[in-house]
Amino acid sequence: MESVMGEKPSKATLFQVLLMVLSAFLGIRKRTEHEKLEVSPLQVIIVGVMAAALFVLTVVSVVQLVIR
Amino acid sequence: MEAAHAQHGHDDHAHGHPTGIMRWVKSTNHKDIGTMYLWFSFAMFLVGGVMALIIRTELFQPGLQIVQPDFFNSMTTYHGLIMVFGAIMPAFVGFANWLIPMQIGAPDMAFPRMNNLSFWLLPPAALLLIAAQFMPGGGAGVGWTMYAPLSTQAGPAMDLTIFAVHILGISSIMGSINIITTILNMRAPGMSLMKMPLFCWTWLITAYLVVAVMPVLAGAVTMILTDRHFGTHFFNAAGGGDPVLYQHIFWFFGHPEVYIIAIPAFGVVSQVIPAFSRKPLFGYASMVYATASIAILSFMVWAHHMYTAGMPVEAQLYFMYATVLIAVPTGVKVFNWVATMWKGSLTFETPMLFAIGFLFLFTLGGFTGLVLSITPVDVQLHDTYYVVAHFHYVMVAGALFSAFAGIYFWLPKWTGKMYDETLGKWHFWLSLVFFNVTFFVQHFLGLAGMPRRIPDYAVQFTEFNMISTIGAFGFGFSQLLFLYVVVKCIRSGEKAPEKPWEGADSLEWTHLPTPAPWHSFETPPVLK
C-alpha cells in the first residue's frame, strides 16, 4: 500500500522497528530515517503494544523501588 | 458513472442533487456535510455558552440570587456535555469532512451515506440534552462525568442524557470509521502517508482513539442505565458493586477524550503556523510520531483524574509518573511549532493570531495540567476552580482558538470570499483578553480553595468571581462578533484570490480553485 512510487525502501529489521517505536514515544524522528525503511502496520502494532507494556512495567518497577 | 463524471467535468453545480432543504437533509457531499457539522457545532456552542453565562451570573456574588442549586447543577452538567460532545467534537469533524478529501486528493469521503447519518444523529441527541431540562425534577445535576451513585439516583432526565450520549457516541464512531477508511484507501497516487498534511495525520490518529474509547463510555452509561432500571448493581456497594469502578471506566474513556479534542486542534495549528511563517513545518516526522505517542500514552494515565477517590500509594505514584512523561511528546510539539516560526517570514493575519494565541495559552493549560498531575498537589486542588481554569485553558484556548484559526484560514477556500480582516482581528483580541479575564483569576480562586460545581461561595472569593463573570460576558458577546464576521463574509465578502495565503501548500490550495468546486477531485491529482 505504501510504496506506490520511488525506489523501494529496504525491509526493516526488528531492531529498526523497535527504534522507530521508541522514537515515537519520545516524539523525535528524522523524516529521512523514516523513508529509508519499509515497515508493515502489523510490525508496528506488535512492537508498539510490547513497548507500551514495557513502558508500564518500567514505571511500575520504578514505583516499587521508590516505595521500598 | 465514470463517463457521467467526465462529461460534467468542472461543472460547479453538478448533476441533479436535491435543492433547498433536501440538499442538506439528503446530502452525501463531504463539503455540505462539513458545513452542517460546523453550523451545528456553532449553534451548540451558543447553547452551551448561554449555560455558562447562567453559571457565571449566579457566581457574580456570593449567596443565591438568580437560580436554584438544582438548576445550577444542571447547568454545569449540560454546559460540559454540550460543549464537549455537541460543540468541539463536531466542529473538528466538520473540518475533517471539508478538508481530508481535498488534502489527500480524493473525490469525497469513503462512505458518503454513512457520513450523512453521522451528522443527522447529532440534532436528535442535542434535542435530548436540551429536553432533559424539562423533565420532572429538571436536568440531571450529576456533572458531565455522570459519576455513580449520583447518576444512578438522578431523575428521568438522566435517561435522556444516557440516550443522548449513546447517540453521540454512535455518530462519532461512524464518523471516525469514515475518516480512517478515507485516509487509508482513497489517497491520490503518490500521496504516501508521510506526505499527507499533518491535519490528516492528526485526524487519522484521533479517529482510532474515538473507535477505541467511545464504546467504553457507551458501556459505562449502559451500566448506569441497567443499575437504574434493570436491577443490576455494577456501581452499588450494597449489592456487591463499586461506585469507584464507574470512575475508572469513565476516565479510561475520559482521558483519551481530552486528546480526541486536542489532537485535531494540533493538526489545524500545524497547517496554519507554517503557512504564515512561509516555512515548512519543522520536524514533520517528529510531529507524526509525537502525536501517535501522545495517543498511546493517553490510555495509561486515566486515574490521575481520581487521586482523591482512594487508591493505593503505588497506583498514585504510577499515574503521577506516567502523566508527567506525557509532557515530553507534547513539549516536542510545542518546540516544533516555535521552531517553525523561528526565522520565518511571519505575518499576523487573524488565523495566525489565533494559532499563536493557541500556542501560548495551550502551553499554559498544559503546565497547570502538570501541576495537577503531582498527586499531593492534586489532593489539595482537586475539584477546585484551579481545575476549572486548567481545563478551560486546554479546551477553550486550545481547541476553540485552534478551530477559530482554522475557520478564518479556510473560509476563503470554502466560500470563495474574504472575511473582514479588521473585524477578525477584533474578534481575536477581544477573545484573548476576555478569555484570560474569565479564566486566569480562577487559578487563584482554586488555589485559595473555592470548590467547583457549587452555586454559592465564601465572601473572600467575591472580587475574583466578579472579574471572572465580567470576562465571561465579554467573551460570550465577542463570539457574536465572530458570527457577524462569518455571515458578512458569506453574504458580502470581497472575492477571495485563488490563493490568499502565499505560504499555504496543501492540495486544497495548490490543486483546487477557490472556492472549492462541488466535487473535489473527480480524477486523482498528479503529484510529484
Side-chain angles (χ1 to χ4, degrees), chain A, chain B residues 183-196 204-205 208 266 280-301 312-336 375 524 526-528:
Chain A
M1 186 170 65
E2 268 333 281
S3 49
V4 182
M5 55 170 293
E7 67 274 21
K8 248 208 152 27
S10 57
K11 274 225 165 23
T13 61
L14 180 66
F15 180 71
Q16 283 168 321
V17 179
L18 186 67
L19 214 62
M20 188 175 156
V21 169
L22 290 182
S23 50
F25 277 16
L26 192 61
I28 296 175
R29 183 78 170 166
K30 269 193 186 145
R31 192 178 191 141
T32 45
E33 280 172 32
H34 175 90
E35 283 167 350
K36 272 190 294 198
L37 295 171
E38 188 189 302
V39 194
S40 76
L42 197 68
Q43 280 176 303
V44 179
I45 291 168
I46 292 173
V47 177
V49 168
M50 278 162 50
L54 196 69
F55 169 78
V56 172
L57 284 178
T58 312
V59 178
V60 168
S61 17
V62 171
V63 169
Q64 291 304 331
L65 216 69
V66 173
I67 298 283
R68 203 172 297 148
Chain B
I183 292 178
L184 293 186
N185 290 327
M186 295 178 66
R187 299 192 310 282
M191 176 62 77
S192 66
L193 284 174
M194 288 306 275
K195 287 199 174 70
M196 291 195 306
L204 180 63
I205 292 165
Y208 275 107
F266 295 165
L281 185 68
F282 183 90
Y284 169 90
S286 301
M287 289 294 248
V288 172
Y289 280 71
T291 310
S293 153
I294 290 171
I296 294 168
L297 287 173
S298 74
F299 283 99
M300 301 171 191
V301 294
V313 70
E314 286 93 333
Q316 290 182 345
L317 277 174
Y318 165 78
F319 284 107
M320 176 167 94
Y321 293 160
T323 306
V324 170
L325 285 169
I326 273 208
V328 176
T330 314
V332 167
K333 294 174 92 64
V334 171
F335 170 78
N336 282 343
T375 315
V526 179
L527 305 173
K528 288 196 299 259

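The sequence lines fix the lettering, A, B, ..., with proteins before strands; numbering per chain opens at 1. Values below: all heavy atoms of this structure, side chains included; hydrogens, waters and symmetry mates excluded.
The minimum heavy-atom distance linking B:Tyr321 with A:Val62 is given by the pair CE1-CG1, 4.0 Å. Nearest heavy atom pair, residue A:Val56 against residue B:Met300, reads CG2-SD, 3.8 Å.
Residue B:Ile294 does not touch chain A at all, counting heavy-atom pairs closer than 4.5 Å. Only the side chain of A:Val66 comes within less than 4.5 Å of a heavy atom of chain B; its backbone N, CA, C and O stay farther away. Interface remark: B:Ile296 contributes side-chain atoms only to the contact with chain A (heavy atom separation under 4.5 Å).
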